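To start, the structure under review is shown below, and the notes come after it.
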Amino acid sequence: MIEFKHANKYFGDFQVLKDINLTINKGEVVVIIGPSGSGKSTLLRCINRLETISEGSLTVNGIEVNNKNTDVNKLRREIGMVFQHFYLYPHKTVLDNITLAPIKALGKSKEEAQKIAHAYLKKVGIPDKANSFPSQISGGQQQRVAIARGLAMHPEVMLFDEPTSALDPEMIGEVLDVMKSLAKEGMTMVVVTHEMGFAREVADRIIFIDKGQILEDADPAEFYKAPKEERAKLFLSRIL
Ligand code: ADP
Ligand code: MG
């Protein structure tokens, strides 16, 4: 579904991604970990073309992401993204936040979009918050709204960039639970997170990235038990 081949990316003279070769299959849950500044967010952002790779190739569902003929809006409709900060519209209700894109980008009627939004609010466990404003709900609930908003577009794949790292500790579990249930339903997911419990329970693979390079692409159980790379060992010893 997602395939990087010999992908490099530079910000000016600085090479942020180095010879990335990575294939993610439909239904897989892939967790990306690595030190701050190692290129994790950039890697994710290349997938929906918030950033572009400088060299090599990247395809999503066989479509060349960086081909100038590729319809970026269409590509982004296939790819849901959830960020560390939720980026909900503060002056819109939860329901309006979720229905906005389905109405504007998919041409759904308001009624249909609302029906879908209610279904996903139920799925993320906050069916009663449809008419609340973001400031009236907790951080964990806001992040669940952001997930529902992504799902309402019926994406082929969901990207998560440290979705729990801005949350108070007591709210992390509720967001991870939603993500776990998505994973178990077969959603293709690429998740940047250091939450080991999540990775152990649902990830098919762990990708360890350091200084722009993929150093390990491993089974979670094996990775956490005994990472092969020295830098991965050091990294784990610091976060555990
Ligand atoms: P991570 O998510 O692993 O913390 P990032 O992908 O955000 O890492 O960043 C990787 C490196 O690229 C960092 O050194 C960061 O400062 C740099 N970087 C990220 N975005 C830009 C940008 N738009 N312009 C220049 N440098 C950037
Ligand atoms: Mg990041």
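The structure presented is a predicted model; accordingly, all values stated were derived computationally and were not measured.
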Point to revise | Pairwise side-chain hydrogen bond (donor to acceptor under 3.5 Å, both in side chains) hits with a residue in residues 163-185, at least two apart | key: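 Output for this query lists Gln84-Ser165, Lys123-Glu185, Arg144-Glu174, Glu162-Ser165, Lys180-Glu201, Lys184-Glu201.
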Review point. Can you tell if the side chain of Lys110 reaches within under 4.5 Å of the side chain of Gln114, non-hydrogen atoms only?
Key: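 SC-SC contact between Lys110 and Gln114 confirmed.
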Exercise for review: Kindly indicate whether the side chain of Pro227, heavy atoms from C-beta on, has any atom under 4.5 Å from the side chain of Leu236.
Suggested key: yes
Could you tell me the separation between the [atom1] atom of [X] and the [atom2] atom of [Y], rounded to the nearest 0.5 Å?
X	Y	atom1	atom2	result
Leu159	Leu50	CG	CG	9.0 Å
Asn61	Thr188	CG	OG1	8.5 Å
Arg238	His194	CZ	NE2	12.5 Å
Gln142	Leu88	CD	CG	5.5 Å
Leu167	Gln141	CG	CD	11.0 Å
Ile103	Ser109	CD1	OG	7.5 Å

Point to revise | side-chain contact (heavy atoms from CB on, under 4.5 Å) between Phe160 and Thr193, worked out | key: CA-CA 8 Å; Phe160 293 85; Thr193 184; over 6 Å; no
Hydrophobic clusters here meaning ILVMFWY residues chained together by side-chain heavy-atom distances under 4.5 Å, can you tell me if [X] and [Y] are in one?
X	Y	result
Tyr89	Leu106	no
Met179	Val31	yes
Ile207	Tyr224	no
Met81	Phe86	no
Val145	Leu176	yes

Going by the rule salt bridge (charged side-chain N to carboxylate O under 4.0 Å, His left out), which residues pair with [X] if we only count those two or more places apart in sequence or in a different chain?
X	value
Lys233	Glu230
Lys129	none
Arg205	Glu28, Asp217
Asp219	none

Practice item. Applying side-chain contact (heavy atoms from CB on, under 4.5 Å), run through Asn25 and Asp204 and close with a yes or a no. Key: CA-CA 10 Å; Asn25 298 307; Asp204 296 297; over 6 Å; no
Taking all non-hydrogen atoms of both residues, which atom of [X] and which atom of [Y] are closest, and how far apart?
X	Y	value
Phe208	Gly34	CE1-CA, 3.9 Å
Thr93	Asn131	CG2-O, 3.9 Å
Pro220	Ile206	CA-CG1, 3.6 Å
Ala232	Phe223	CB-CE1, 3.9 Å
Leu58	Cys46	CD2-O, 3.4 Å
Thr99	Pro102	O-CD, 3.2 Å

Is a side-chain donor or acceptor of [X] paired with a backbone partner of [Y] at a separation under 3.5 angstrom?
X	Y	result
Gln143	Pro163	yes
Thr70	Glu64	yes
Lys40	Pro35	yes
Glu229	Glu216	no
Glu51	Thr42	no

Review point. Given Ile47 and Val65, is the side-chain contact (heavy atoms from CB on, under 4.5 Å) satisfied, shown in steps?
Key: CA-CA 7 Å; Ile47 297 173; Val65 171; over 6 Å; no
Study note, to complete from the structure: Students should find that the hydrophobic cluster of Ile63, defined by side-chain heavy atoms under 4.5 Å apart, otherwise consists of none
Check your understanding: Hydrophobic cluster mates of Phe133, side-chain heavy atoms under 4.5 angstrom, ILVMFWY only, any path?
Key -> none
Exercise for review: Only counting residues at least two apart or in another chain, list the ones meeting side-chain hydrogen bond (donor to acceptor under 3.5 Å, both in side chains) with His85.
Suggested key: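 Partners of His85 by the side-chain hydrogen bond (donor to acceptor under 3.5 Å, both in side chains) criterion come out as none, since no residue qualifies.
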Check your understanding: Can you list the residues that meet the side-chain hydrogen bond (donor to acceptor under 3.5 Å, both in side chains) rule with Ser41, with sequence neighbours excluded?
Key -> Asp161
Indicate every side-chain donor-acceptor pair of residues 150-158 with a distance under 3.5 Å to a residue at least two apart or in another chain.
{"from": "His154", "atom 1": "ND1", "to": "Tyr120", "atom 2": "OH", "distance (Å)": "3.3"}

Using residues 9-22 as the side-chain source, report each donor-acceptor pair under 3.5 Å to any protein atom, sequence neighbours left out, with the distance given to one decimal.
{"from": "Lys9", "atom 1": "NZ", "to": "Thr52", "atom 2": "O", "distance (Å)": "2.8"}
{"from": "Gln15", "atom 1": "NE2", "to": "Asn8", "atom 2": "OD1", "distance (Å)": "3.1"}
{"from": "Gln15", "atom 1": "NE2", "to": "Leu17", "atom 2": "O", "distance (Å)": "3.1"}
{"from": "Lys18", "atom 1": "NZ", "to": "Lys211", "atom 2": "O", "distance (Å)": "3.1"}
{"from": "Asp19", "atom 1": "OD1", "to": "His6", "atom 2": "ND1", "distance (Å)": "2.7"}
{"from": "Asn21", "atom 1": "OD1", "to": "His6", "atom 2": "N", "distance (Å)": "2.8"}
{"from": "Asn21", "atom 1": "ND2", "to": "Asp19", "atom 2": "O", "distance (Å)": "3.4"}

Review point. Which one of Leu100, Ile98, Val82 satisfies the side-chain contact (heavy atoms from CB on, under 4.5 Å) criterion with Arg149?
Key: Ile98
Point to revise | Stepwise side-chain contact (heavy atoms from CB on, under 4.5 Å) test for Leu182 and Val29 | key: CA-CA 10 Å; Leu182 265 184; Val29 177; over 6 Å; no
Exercise for review: Sorted by first residue and then second, give each salt bridge (Lys or Arg N to Asp or Glu O under 4.0 Å) pair with at least one member in residues 72-96; sequence neighbours left out.
Suggested key: none
